[in-house]
Amino acid sequence: MFDPIYETPGKSTYGRVNRRGFLAASGAVVGAALLARSGRASALPTQTIADGASVPILIIGSGYGGAVAALRLALAGQQVAVVEKGMSWSTPGSDGKVFCNMLSPDGRSFWLRTMTDQPINHFLGVPYNKSISRYTGVLDSEQFSGIRIYQGRGVGGGSLVNGGMAVTPKQQYFGSILPSVDAASMYSTYYPRANANLKVNNVDQTWFESADCYQFARTGRRTAQASGFTTTFVPNVYDFNYMKQEQANTAPRSALNAEVIYGNNYGKNSLDKTYLAAAVATGKVTITPQHVVTTVKPSGSGYSVVMNQIDTNGSTVATKTVTAQKVFFAAGSVGTSKLLVTQRATGALPNLPASVGTGWGNNGNVMVARQNQAWDPTGSLQSCIPVMGIDNWADTGGPAFAEISPFPAGLETFASLYLAITKNPNRATFSYNSTSGGVDLNWQQAWNQPSIDAAKRIFDPINAKQWTIYRTDLFGEYKTWGDDFAYHPLGGCVLNVSTDNYGRLPGYPGLYVIDGSLIPGCTTVNPFVTITALAERNIENIVANDFH
Ligand code: FAE
């Protein structure tokens, strides 16, 4: 049925046939076969919202918070429109793959750049970034004065680019993560609900012990345990049964083909295969990619939302105004914070609390690598999906949880790489810059020193025991610490500070925040399970109380 709030079905604005129209035209069987060949059988149907449309609920962003909200509102009988800045990642490129890998990046890798901006940007001290064509690629590296922040762009948000590590924090630390939230209900109801819907699974530990692709993790474990540190297996959303087939060469490789931060072509249960697929299957959710929301302001009994439709060069091809009774901000910690401080400063939402924009942290992220001895190889074949961490959070002198990360260079490097999550007390503030019209974040690189200090409490003893050294050639010329970027932005619109205890924005009935911006800077482990579980908790309360 043609829906008047959407533009011509079957044809995207750029002349490419979208999946909805394609299936209608050629039949679901043919479509399914083609999609299976492309390797992303999950490709979601998308639409293009029309200028002047009026919708009951609009969700800005399709990451974890947005996906949970879309599903739960739809299951409660509501009609939901999701708008997403990035692309729908469903169309294979000329190489037959939807995503490129880390060894041969092209325009699909980065958001509107002509040169990659890789987290590990040097090798043997030599700059390692590569020229690419400008395109609305899947990974954004957003530069602020003291930090660059990596974020996923596309239908599925960060789930498209992340390592899939699905970690539930230890309950004993939960009070420090979200002090206003009842821990008992989180651990009895919302964490289990999130894990089940995200399709979290565990590596087969027997297989792990002999799989070539996890030599790096076993070496990381052995060297950590030799210094008395506790290691722990970490669950993931990557389908480990699929990975076994990759290792056995009976299925196309993805995690074993250097695919992760620019997307996985196979194996990963990203949100477009889980929450968003379930949401769209209700028949009540539409997703519009390549639309960037710029303004939200009161209008009548609801809100008017202005958005720019962009092409794959990032250029605006149309500006649209949509009205919505209720609006959910799910643009991620950075995206939501930027939108809200802009609305407050420019007078669109002038009564937002002064605390909006504050409480931002980087989850204590810092990266580092060690050079192992020649008898401790890490393997030339490495799975891009981490499955092990060093848990030193109980060290009150400098709590840290260090993920043993892959370094898939395609050759033996003897390097062990780690992403440490630490307890860093520093918090930054977003502010609107009236001169540039943009938003600044006042984080300073020096504020990462507590994170470096905490990480050193793990890696100095390991180096001392193993007679090994830090690599200084990966994060710059003679630079040991990857302390100028973050993968885990959190905060900026903190729960029970800038919103009520469920994400409602005060003074603006029908406006909600439901993403990582609610979490005040640290989750003690990788964050997306907590973001998802918190969204499950909050939306349950919102559906019960705000929809009569
Ligand atoms: P997010 O997933 O970022 O979704 C926000 C969405 O909103 C994005 O799709 C944006 O494109 C979109 N958007 C932004 N602004 C606008 C706008 N103005 N208009 C329309 N749309 C907009 O937010 N976490 C883990 O727990 N485990 C991991 O292994 C892990 N690895 C990571 C690796 C990398 C390389 C990166 C970058 C992140 C990683 N993370 C990991 C972090 C995790 O992906 C992140 O915390 C969540 O994705 C945040 O979820 P949100 O729902 O807050």
Side-chain angles (χ1 to χ4, degrees), residues 58-69 82-89 102 111 118-119 136 138-142 148-169 194 198 200 234-238 260-263 268 270-272 275-276 287-296 305-310 328-340 342 362-363 365 367 384-387 389 403 405 419 421 485-493 513-519 523 525-532 534-535:
L58 188 90
I59 298 177
I60 307 168
S62 62
Y64 292 91
V68 171
V82 179
V83 290
E84 164 57 49
K85 175 176 180 169
M87 298 175 52
S88 166
W89 288 95
M102 293 193 289
W111 180 257
Q118 306 186 119
T136 43
V138 72
L139 182 65
D140 196 358
S141 96
E142 199 168 353
R148 65 188 195 279
I149 305 176
Y150 289 97
Q151 298 151 86
R153 296 277 175 251
V155 175
S159 77
L160 298 169
V161 299
N162 66 33
M165 291 180 78
V167 199
T168 300
L198 290 167
V200 174
V234 171
N236 205 287
V237 297
Y238 200 91
V260 64
I261 65 171
Y262 307 144
K268 196 208 266 182
S270 43
L271 289 168
D272 50 326
Y275 272 99
L276 291 172
I287 303 176
T288 297
Q290 293 175 281
H291 281 57
V292 185
V293 171
T294 57
T295 309
V296 179
V305 181
V306 181
M307 57 192 81
N308 291 330
Q309 180 175 3
I310 58 170
F328 286 76
F329 289 85
S333 161
V334 176
T336 290
S337 301
K338 282 170 53 179
L339 269 174
L340 290 177
T342 302
N362 64 355
N363 209 23
N365 280 184
M367 274 192 114
C384 287
I385 297 300
V387 289
E403 148 192 338
S405 305
L419 171 64
I421 294 161
F485 63 89
Y487 283 172
H488 299 165
L490 291 167
C493 189
V513 173
I514 189 152
D515 58 20
S517 59
L518 292 172
I519 298 175
T523 53
V525 290
N526 312 62
F528 75 63
V529 174
T530 297
I531 295 169
T532 307
L534 182 66

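For the numbers below, each heavy atom of this structure counts, side chains included, while hydrogens, waters and symmetry mates do not. Every number for a ligand or one of its atoms is a count from 1 in the order of the listing. Positions are given from 1 along the sequence.
- Ring geometry for Phe528 versus Tyr64: interplanar angle under 30°, hence parallel rather than tilted (30 to 60°).
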N or O contacts of ligand 1 with protein under 3.5 Å, please list pair by pair.
unit_1	atom_1	unit_2	atom_2	d
ligand 1	2 (O)	Gly158	N	2.9
ligand 1	9 (O)	Glu84	OE1	2.7
ligand 1	9 (O)	Glu84	OE2	3.0
ligand 1	9 (O)	Gly154	O	3.4
ligand 1	11 (O)	Glu84	OE2	2.7
ligand 1	11 (O)	Arg153	NH1	3.2
ligand 1	18 (N)	Val293	O	3.1
ligand 1	19 (N)	Val293	N	3.0
ligand 1	21 (N)	Lys85	N	3.1
ligand 1	26 (O)	Met165	O	3.3
ligand 1	26 (O)	Pro527	N	3.1
ligand 1	26 (O)	Phe528	N	2.7
ligand 1	27 (N)	Met165	O	2.8
ligand 1	29 (O)	Gly163	N	3.4
ligand 1	29 (O)	Gly164	N	3.3
ligand 1	29 (O)	Met165	N	2.9
ligand 1	31 (N)	Gly163	N	3.1
ligand 1	44 (O)	Asn162	ND2	3.1
ligand 1	52 (O)	Tyr64	N	3.0
ligand 1	52 (O)	Gly65	N	3.0
ligand 1	53 (O)	Gly516	N	2.8

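- Applying the side-chain hydrogen bond (donor to acceptor under 3.5 Å, both in side chains) criterion to Ser333, with sequence neighbours excluded, gives Trp360.
- For the pair Glu403 (side chain) and Gly389 (backbone), a donor-acceptor distance under 3.5 Å is absent.
- A search for side-chain hydrogen bond (donor to acceptor under 3.5 Å, both in side chains) contacts involving Ser159 returns nothing, not counting sequence neighbours.
- With hydrogens and angles ignored, the 3.5 Å screen pairs a side-chain donor or acceptor of Asn363 with a backbone N or O of Thr523.
- Every residue meeting the side-chain hydrogen bond (donor to acceptor under 3.5 Å, both in side chains) condition with Asp515, not counting sequence neighbours, appears here in chain and number order: Thr336, Ser517.
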